[in-house]
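Here is the structure we will look at.
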2 protein chains.
Amino acid sequence: MNRNIRITIIEDDETIRNGYAYLIDATEGYDVVSTYVSFDEAAKKIAADHPDVILLDIELPGVNGIDAIPKLKKLLPQCFVLILTVYESEKLIFNALANGASGYLTKNTPSAKIVESIKEVKEGGGPMSINIAKLVIKSFQKNQESPLSKRETQILELIGEGKSRSQIARDLFIDLETVRSHIKNIYIKLDVNSRADAIKMAKQNKLI
Amino acid sequence: MNRNIRITIIEDDETIRNGYAYLIDATEGYDVVSTYVSFDEAAKKIAADHPDVILLDIELPGVNGIDAIPKLKKLLPQCFVLILTVYESEKLIFNALANGASGYLTKNTPSAKIVESIKEVKEGGGPMSINIAKLVIKSFQKNQESPLSKRETQILELIGEGKSRSQIARDLFIDLETVRSHIKNIYIKLDVNSRADAIKMAKQNKLI
DNA sequence: TAATTAATCACCCTTTTAGGGTGATTTTTT
DNA sequence: AAAAAATCACCCTAAAAGGGTGATTAATTA
């Protein structure tokens with residue numbers, strides 16, 4: 001039989017912390033095994049709590065939530081970290097995920113949804129608030145009205161992979177001079193004059 | 001007052017197509033305005049349907065769903081495309097999103113959830129099945145046990161941006177020779193001997 | 001504390017690459 | 001028919017890349 005899901009909450013606001021703790025602990029199948037007000041507090045004892053899921057706030061005193069993630073994952077490699085915050089900035093989201101967070105919920109999420117997300121993350125899912133999902137999806141979407149032609153985009157992608165002109169020529173079965181010609185046109189269209197600037201421009205405008 | 005959400009379904013399997021059409025159309029606030037068996041079929045008439053949301057299958061006869069997305073967006077720039085498919089391959093998901101899809105659901109999604117997702121996408125959300133969300137989140141996560149040091153990772157990132165040794169040296173306020181030294185160590189650790197191979201390795205192993 | 005790793009810099013060397021200029025030809029697409 | 005895209009050619013110079021073989025000084029970890 002499945003044992004209860006063990007949860008630790010790291011959140012500095014007492015009201016929110018106790019509110020979530022009460023709500024989640026009251027739910028069948030969920031145990032809130034510990035709560036902490038900061039990462040520094042948590043670091044000392046959390047390993048002994050062996051939680052399955054950590055609910056982590058971002059705006060914490062001392063070490064912030066984002067930086068806490070890799071440290072927590074080091075202490076508890078099997079544990080899932082679920083971010084629960086008011087922030088919806090793209091940078092924070094991507095940094096949190098890059099650092100090993102398994103999900104990202106905003107605090108306006110209904111508590112039933114939070115409880116559900118804890119289970120999802122435990123079962124290997126990746127819960128996100130819909131507004132977060134929107135940002136994530138947007139980050140994948142390329143600019144549909146690129147000034148570059150197909151071939152130019154293709155070549156710019158290869159430049160983004162660090163390939164030289166001659167490598168690109170070999171990859172595309174075209175002449176080195178043709179590649180040069182395309183790159184020149186790319187530079188004119190993007191108004192740049194180096195690979196680095198072209199890549200920067202391309203990423204800014206989501207051309208690649 | 002809000003008018004009903006207009007939906008078009010493009011799906012080649014008759015049973016599935018009619019099933020979804022019936023289910024969604026029966027829901028208060030949702031109108032299925034048209035259904036098509038392929039993009040080629042749809043292309044002729046879909047503009048006149050002016051749907052708000054298109055439910056799109058990937059495995060279609062003729063033009064596949066992925067390639068159909070940009071064409072549909074061109075015909076109906078304001079319209080949202082929601083992918084509904086059995087495929088869960090990373091490549092397909094990312095290509096679909098890159099091509100302009102606003103959400104990605106797998107066909108095992110309960111119909112109530114599909115109906116809800118249509119509304120979400122209409123309201124600017126980004127619905128995803130939880131298994132899809134997991135893949136998407138995983139794609140953001142970096143390898144926590146990189147063989148590279150912090151500085152090496154930092155330099156590899158700049159190489160990934162197409163920067164030259166001297167540019168990197170300027171960016172980091174260190175000597176050109178120090179950059180060289182780091183790059184040499186990166187090459188040794190990754191067992192490569194060119195920028196392109198280093199970037200490839202780094203991306204494969206999610207080091208950057 | 002001793003040993004290892006990380007980060008810094010130096011100078012040897014050759015080949016490749018990048019970027020600018022200025023063309024042309026042939027497909028495609030509009 | 002005109003415009004855009006894709007192809008190739010040859011001029012040029014400076015910069016960059018990659019390999020080798022060192023050393024010194026922090027940090028960090030065993």
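Below, chain A is the first sequence line, B the second, and so on; all start at residue 1.
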Under-4.0 Å side-chain N/O to phosphate OP1/OP2 contact, B/Lys189 with C/dA6: yes
Nearest-Å distance for atom pair CD/C1', residues A/Glu152 and D/dA6: 9 Å
Closest listed nucleotide, where the reference is the side chain of B/Lys184 and the choices are C/dG21, D/dG20, D/dA6: D/dG20
Residue-phosphate contact under 4.0 Å: A/Asn193 side-chain N/O, C/dG20 OP1/OP2: yes
A/Ile186 CD1 to D/dA5 C1', straight-line distance once rounded to whole Å: 12 Å
Under 3.5 Å side-chain donor-acceptor pair for B/Asn143 and B/Asn205: no
Side-chain heavy atoms of B/Ile10 within contact of B/Leu55, under 4.5 Å: no
d(CG, B/Asn185; P, C/dC9) in whole Å: 14 Å
Atom-pair distance (CD1 on B/Ile183; C1' on C/dC9), nearest Å: 14 Å
Sugar-phosphate only, base, or nothing, as touched by B/Ser181 at under 4.0 Å among non-hydrogen atoms: base
Flag for B/Glu88-B/Asn131: side-chain donor and acceptor within less than 3.5 Å: yes
5'-most by nearest nucleotide on DNA chain C - A/Val192 or A/Gln167: A/Gln167
5' priority, DNA chain D, between A/Leu148 and B/Arg195 [closest heavy atom]: A/Leu148
Gap between atoms NZ and P, on A/Lys150 and C/dT29 respectively (whole Å): 9 Å
Proximity to the side chain of A/Ser164 - top-ranked nucleotide from D/dC10, D/dC8, C/dT17: C/dT17
Exercise: identify the closest heavy-atom pair between A/Ser146 and A/Thr153: OG-OG1, 4.3 Å
Nucleotide C/dT17, atom P - distance to CZ of A/Arg170 in whole Å: 7 Å
Interatomic distance, B/Asp175 CG vs C/dA6 P [rounded to whole Å]: 21 Å
Rounded distance (Å) that lies between atom P of C/dA18 and atom CG of A/Leu156: 14 Å
Nearest-neighbour nucleotide for the B/His182 side chain, D/dA6, C/dT8, D/dG19 considered: C/dT8
Heavy-atom side-chain proximity of A/Pro127 to A/Leu82 below 4.5 angstrom: yes
Closest listed nucleotide, where the reference is the side chain of A/Arg180 and the choices are C/dA7, D/dA16, D/dC10: D/dC10
B/Thr178, nearest nucleotide to its side chain (from D/dA16, C/dA18, C/dC9): C/dC9
Sugar-phosphate only, base, or nothing, as touched by B/Arg165 at under 4.0 Å among non-hydrogen atoms: base
